[in-house]
Amino acid sequence: MSFQPRLAVVAFALIFIAGCAQHMGATESSTSNAGADLVPLSSLAPGVRQDMRYATRHNFMGRPVEGYEAGVCWLSRAAAQSLAAAQKELEDYGMAIKVYDCYRPQAAVNDFVRWGRDMADQKNKDMYYPRVPKSELFKRGYIAEKSGHSRASTVDMTLVVVDARRASKRVRGPLADGIDVDMGTPFDMFDEQSHTEDASQSPDVQHNRRWLRALMQRHGWKNLPEEWWHYTLASEPYPDQYFNQPVRKN
């Protein structure tokens with residue numbers, strides 16, 4: 001081999017190594033919070049109730065989920081501002097937003113995946129997936145290796161009655177101060193009954209789900225049709241990033 005071809009081989013190797021380094025850097029940044037403007041929701045929307053299930057045992061896994069060091073809601077600033085506007089509108093209707101989950105670190109999603117593959121752990125099946133075999137949770141899309149929540153502009157939510165008299169002008173069903181609006185199924189029930197347009201629900205429940213969807217659409221959110229509680233900001237600021245910073249106190 002002549003001197004010139006050797007130089008070409010060395011140059012190619014250096015370019016290849018540099019390219020790999022750039023690729024690794026991009027992968028790392030996609031699961032970090034570098035440059036992300038995330039805020040605690042309470043700083044912009046203190047009226048929103050927080051019932052962060054994955055920091056507790058009150059969820060389909062029956063235990064705190066990895067990555068949740070505190071039961072607080074974090075979101076991108078754009079999502080928090082938009083949710084604050086929706087909350088402000090609801091105050092006139094005698095209701096408030098309650099969030100079950102907001103930003104979800106990738107570590108939590110990985111924990112879901114490990115749980116989903118463990119067929120021996122089915123202690124909460126009767127409550128969260130009574131009609132779906134656990135072996136089909138991936139196939140049916142209930143468990144996935146990536147979640148929009150990790151992009152910090154998705155929330156799982158419902159409505160809470162603050163003033164039953166005023167709320168009765170907007171939503172239907174049993175209404176009393178302090179209770180959740182009737183949405184037909186619990187949060188995180190893996191079943192077709194949780195689909196927003198599930199026709200088997202009562203007329204009151206169908207009305208409530210559609211009313212919630214209309215409210216959120218007015219403020220720039222889109223619903224996941226398979227989950228009445230799941231909303232993503234249509235103009236989310238980090239559509240291609242999946243963050244992994246643990247959920248910590250404000």
Side-chain angles (χ1 to χ4, degrees), residues 20-46 48-61 63-87 97-117 137-138 141-158 187-188 216 219-224 226-227 229-250:
C20 289
Q22 289 176 357
H23 177 73
M24 290 173 62
T27 301
E28 291 171 358
S29 67
S30 68
T31 56
S32 74
N33 283 45
D37 188 10
L38 307 188
V39 298
L41 179 61
S42 60
S43 67
L44 294 178
V48 172
R49 315 288 177 89
Q50 298 192 25
D51 182 9
M52 302 294 287
R53 297 288 179 86
Y54 299 141
T56 74
R57 297 179 181 276
H58 191 189
N59 59 66
F60 62 87
M61 295 173 68
R63 60 171 174 79
V65 179
E66 184 177 335
Y68 288 87
E69 298 177 7
V72 295
C73 173
W74 285 81
L75 288 170
S76 69
R77 184 175 298 275
Q81 289 172 336
S82 181
L83 205 63
Q87 170 62 28
I97 290 171
K98 178 195 286 186
V99 291
Y100 295 117
D101 194 33
C102 300
Y103 158 66
R104 180 186 305 166
Q106 183 62 42
V109 178
N110 297 343
D111 202 7
F112 289 175
V113 170
R114 287 192 295 272
W115 171 86
R117 290 172 177 161
L137 293 180
F138 286 97
Y142 294 118
I143 302 293
E145 295 184 356
K146 289 291 186 181
S147 169
H149 283 274
S150 300
R151 303 194 298 264
S153 295
T154 292
V155 295
D156 292 333
M157 60 175 291
T158 191
F187 161 63
D188 256 0
M216 296 300 286
H219 293 277
W221 298 76
K222 56 185 178 181
N223 172 243
L224 179 67
E226 291 78 18
E227 299 177 349
W229 57 80
H230 182 115
Y231 285 86
T232 297
L233 189 68
S235 56
E236 57 181 313
Y238 310 110
D240 301 314
Q241 291 180 266
Y242 294 83
F243 305 120
N244 197 32
Q245 180 71 21
V247 176
R248 295 184 173 128
K249 291 183 179 179
N250 299 3

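- Formation of a donor-acceptor pair under 3.5 Å by the Asn59 side chain with backbone atoms of Arg53 is found in this model.
- The line from CD of Gln106 to CZ of Phe112 is 10.5 Å long, rounded to the nearest 0.5 Å.
- Side chain of Trp74 to backbone of Arg248: a donor-acceptor contact under 3.5 angstrom is found.
- When Met216, His230, Lys98 are each tested for a side chain to side chain contact (heavy atoms under 4.5 Å, CB included) with Met157, only one passes: Met216.
- Partners of Tyr142 by ring-ring contact (aromatic ring centres under 6.0 Å, His included), not counting sequence neighbours, listed by chain and number: Phe190.
- Residues passing the side chain to side chain contact (heavy atoms under 4.5 Å, CB included) test with Ser82, sequence neighbours excluded: His219, Trp221, Leu233.
- Checking Pro105, Ser150, Ser147 one by one against Tyr242, the side chain to side chain contact (heavy atoms under 4.5 Å, CB included) holds for a single residue, Ser150.
- A salt bridge links Arg63 with Asp111: the closest approach of a Lys/Arg side-chain nitrogen to an acidic carboxylate oxygen falls below 4.0 angstrom.
- A donor-acceptor pair under 3.5 Å is formed between the side chain of Gln87 and the backbone N or O of Ile97.
- Looking at every heavy atom in both residues, Val109 comes nearest to Lys146 through CG1-N, 4.1 Å.
- The nearest pair of heavy atoms linking Leu44 to Ala80 is CD1-CB, 3.7 Å.
- In this structure, the ring-ring contact (aromatic ring centres under 6.0 Å, His included) partners of Trp229, at least two apart in sequence or on a different chain, are Phe187.
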